[in-house]
There are 2 protein chains.
Amino acid sequence: MKKKNITIKDVAKKAGVGVGTVSRVINNSPHVNPRTKEHVLKIIQEMGYMPNPHARRLSSGHTKIITTIFPQMVGEFHQLLLSGIDEVFEKEGYTSFVYPLYSENRYKFVRESSDFVLGTDGVIIDALNVDKLLKQYIPKNVPVVSVEFDSQKYDSVILDNFYGGMIAGDYLSNFEGDLFIVTHDRKTKLESTVFEERVSGFIESIERKGRKVAKIFKIDLDWLEAIKVAKAVFSISKKPLIFATTDYFAFPVIEFARIKGLEPKEDFFLCGFDNLTLSSILNITTIKQPIKKMGKTAGEMLLRKIKGYSRKRQTVAFKPELIERNT
Amino acid sequence: MKKKNITIKDVAKKAGVGVGTVSRVINNSPHVNPRTKEHVLKIIQEMGYMPNPHARRLSSGHTKIITTIFPQMVGEFHQLLLSGIDEVFEKEGYTSFVYPLYSENRYKFVRESSDFVLGTDGVIIDALNVDKLLKQYIPKNVPVVSVEFDSQKYDSVILDNFYGGMIAGDYLSNFEGDLFIVTHDRKTKLESTVFEERVSGFIESIERKGRKVAKIFKIDLDWLEAIKVAKAVFSISKKPLIFATTDYFAFPVIEFARIKGLEPKEDFFLCGFDNLTLSSILNITTIKQPIKKMGKTAGEMLLRKIKGYSRKRQTVAFKPELIERNT
DNA sequence: CTGAAAGCGCTTACAG
DNA sequence: CTGAAAGCGCTTACAG
């Protein structure tokens, strides 16, 4: 079954040098005579030699791989975060894999296979309660950075969701009308608490202004449910001010309002969260987070840990901002 | 810098057995006395031993990793495809990584780093012209399966997009009105040709029925552009029959129509493609592809190759089906 | 700048 | 069922 691959030895023999020299060439070591280097490179080319990554990793001790674990894979947000992370690791020659954790099986796999994490120089974990979910399965010597969850154990990059909720509250409480919140309901203690933080910030803000929430709708991350909420809201109130803790919930609301012929900023106000592309297309007021920058920061923190510059655990919190549009 | 890790030797010594026995235990070999196994397992537990994956890979020759390359990471479709792939590999104990190729840098990386592909037992590549883009960078002995692109070199799993276009044509030509196509314009020869195939199938179908297309709109994958198209279509025709080669283009159309107070199946007909979740929510007629099944099939083909059951290159084509809804 | 050799931590015939 | 040993293909002091 095993094909005889071309190894560093074959190259060394054919080039008439030692394996150490070949190794230095493929690792771009400066301690090689340019002539030798050129010659070896030619032989490598001719033979189509490709170094075995596992041997390299075994002897060098590092993998030059990092992996980012996402709770799911829903596009835009993750793509931006990843591009921030990549910006840091590309220039260092790392391969950046993605491991979406969208199924129980995938989660089980991380828990049960030490290979998974040990085969990596470092891990970035997005929007997951690492402390409860994964900490015990991750070997102590593997560097980890948590994003969107403020871990007690690992360096963390988070958004100040409470503050985000506050500026949404500051915005909507400028207007007359009844305040509503559409948010996601956590099913388990392990899910992210960002939605709750956004809600708390919102309530804090409006209560300071002597207002209060007419009703909070807690629903699944599901379009249809959001439509139902919109229906309910517009039947309860003739002038609703709606805070959707994610733009996903804001889209169906605006959709419903349009069907009903209701005018934004006249018949209702709406503030979303996340600033997804669709929000700008649909002209929805929302709260924007510096996603790519968060990714980059997380990448830098991880790289520092990989390189062994250890220091105290730290959390970096980014401030979101209000993007006022036509709702 | 290098911490002394616990190795198989340490475990063997402490357990009073040979390293071979420890190896057999961690690999779940049946040729170990149950008592011995239990004892070794206890020692492993106590010491917190975790086998070094690189050493395993170097000596065993396989990595138990597969990676799926996506041209981007836009959620639903890829998640479904991946879950099909995972279904095959989970039970075999493989780690299934994702490598999104959404940036030129990421693409460059695949080209330039042999580690990337060699560190893997097999690769599934989605919606990419492998033959032109990647073939030359992939070592000959790495098993590859192409999805959504009919490769001349690798096993492929594709959707019969031509047929999909035909059934869309069959559907829309049932009605009176002017036929329009909204489709994506390829920027380079390297992009996927699925959209063109869908268009060809559609035209084939309607021409057989003696009809012809009033106008083809070729646009970027962009909501705003699709809105503009909708505007144009409804100003040109009072009874348009619109084929959107992807549901992404169908959403803005329906959105626009609603704003204008136009009734589907009365003022216009609309047929999308892909059957995204939003299509069912918005009640859009569309063409459905068996995505998860395609993933599973691709996974099975890859696994067969990894296991060395070689046979001729083959292409499996799935038939899409019409999902008639309210448009 | 370069070669010979030890070592990385496993797996796997081989012999018992 | 089990141990001793060779081997996987590199990297990296070490000595020159």
Listed pairs under 3.5 Å, donor-acceptor, residues 87-99 of chain A side chains, sequence neighbours left out:
residue : atom : partner : partner atom : Å
A:E87   : OE1  : A:K292  : NZ           : 3.3
A:E87   : OE2  : A:K296  : NZ           : 3.3
A:E90   : OE1  : B:N105  : ND2          : 2.9
A:E92   : OE1  : A:K307  : NZ           : 3.2
A:S96   : OG   : A:D86   : OD1          : 2.9
A:S96   : OG   : B:R106  : NH2          : 2.8
A:Y99   : OH   : A:R106  : O            : 3.4

Return all side-chain donor-acceptor pairs below 3.5 angstrom for residues 118-128 of chain B, not counting sequence neighbours, or 'none' if the list is empty.
residue : atom : partner : partner atom : Å
B:D121  : OD1  : B:T63   : N            : 2.8
B:D121  : OD1  : B:T63   : OG1          : 3.0
B:D121  : OD2  : B:T63   : N            : 3.3
B:D121  : OD2  : B:K64   : N            : 2.8
B:D126  : OD2  : B:H78   : NE2          : 3.3

Test side-chain contact (heavy atoms from CB on, under 4.5 Å) applied to B:I66 and B:I85, step by step = CA-CA 10 Å; B:I66 64 144; B:I85 294 169; 3.8 Å; yes
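Qualifying side chain to side chain donor-acceptor pair (under 3.5 Å) partners for A:Q45, counting only residues two or more places apart in sequence or in other chains: none. With sequence neighbours excluded, no residue forms a side chain to side chain donor-acceptor pair (under 3.5 Å) with A:T67. Not a single side chain to side chain donor-acceptor pair (under 3.5 Å) links B:E148 to another residue, sequence neighbours left out. In this structure, the side-chain contact (heavy atoms from CB on, under 4.5 Å) partners of B:D150, at least two apart in sequence or on a different chain, are B:S156, B:I158, B:R313, B:T315. A:D155 is linked by a side chain to side chain donor-acceptor pair (under 3.5 Å) to A:R311, counting only residues two or more places apart in sequence or in another chain. Partners of A:K13 according to the side-chain contact (heavy atoms from CB on, under 4.5 Å) rule, which considers only residues two or more places apart in sequence or in another chain, do not exist here.
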Output field dot_bracket for DNA chain C (Watson-Crick or G-U, both distances under 3.5 Å, | for other-strand pairs) contains |||.||||||||.|||
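Taking atom CG of B:D10 as the reference point, atom P of C:dC8 lies 11 Å away to the nearest angstrom.
Screening residues 25-44 of chain B for side chain to side chain donor-acceptor pair (under 3.5 Å) gives B:S23-B:N27, B:N27-B:R56, B:N28-B:K37 as the qualifying pairs, with residues at least two apart or on separate chains.
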Show each protein N/O and nucleotides 10-14 of chain C N/O combination with a separation under 3.5 Å, one pair to a line.
residue : atom : partner : partner atom : Å
C:dC10  : OP1  : B:Y49   : OH           : 2.9
C:dC10  : OP1  : B:N52   : N            : 3.2
C:dC10  : OP2  : B:I8    : N            : 2.7
C:dC10  : OP2  : B:Y49   : OH           : 3.4
C:dC10  : O5'  : B:Y49   : OH           : 3.0
C:dC10  : O2   : B:S59   : OG           : 3.1
C:dT11  : OP1  : B:N27   : OD1          : 3.3
C:dT11  : OP1  : B:N27   : ND2          : 2.9
C:dT11  : OP1  : B:R56   : NE           : 3.0
C:dT11  : OP2  : B:S23   : OG           : 2.4
C:dT11  : OP2  : B:N27   : ND2          : 3.2
C:dT11  : O4'  : B:S59   : OG           : 2.9
C:dA13  : N6   : B:R24   : NH2          : 3.1

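C:dG16 and C:dT12 have their C1' atoms separated by 16 Å, with the value rounded to a whole Å.
Shown for residues 30-43 of chain A: residues whose heavy atoms fall under 4.0 angstrom of DNA chain C, namely A:P30, A:H31, A:V32, A:N33, A:T36.
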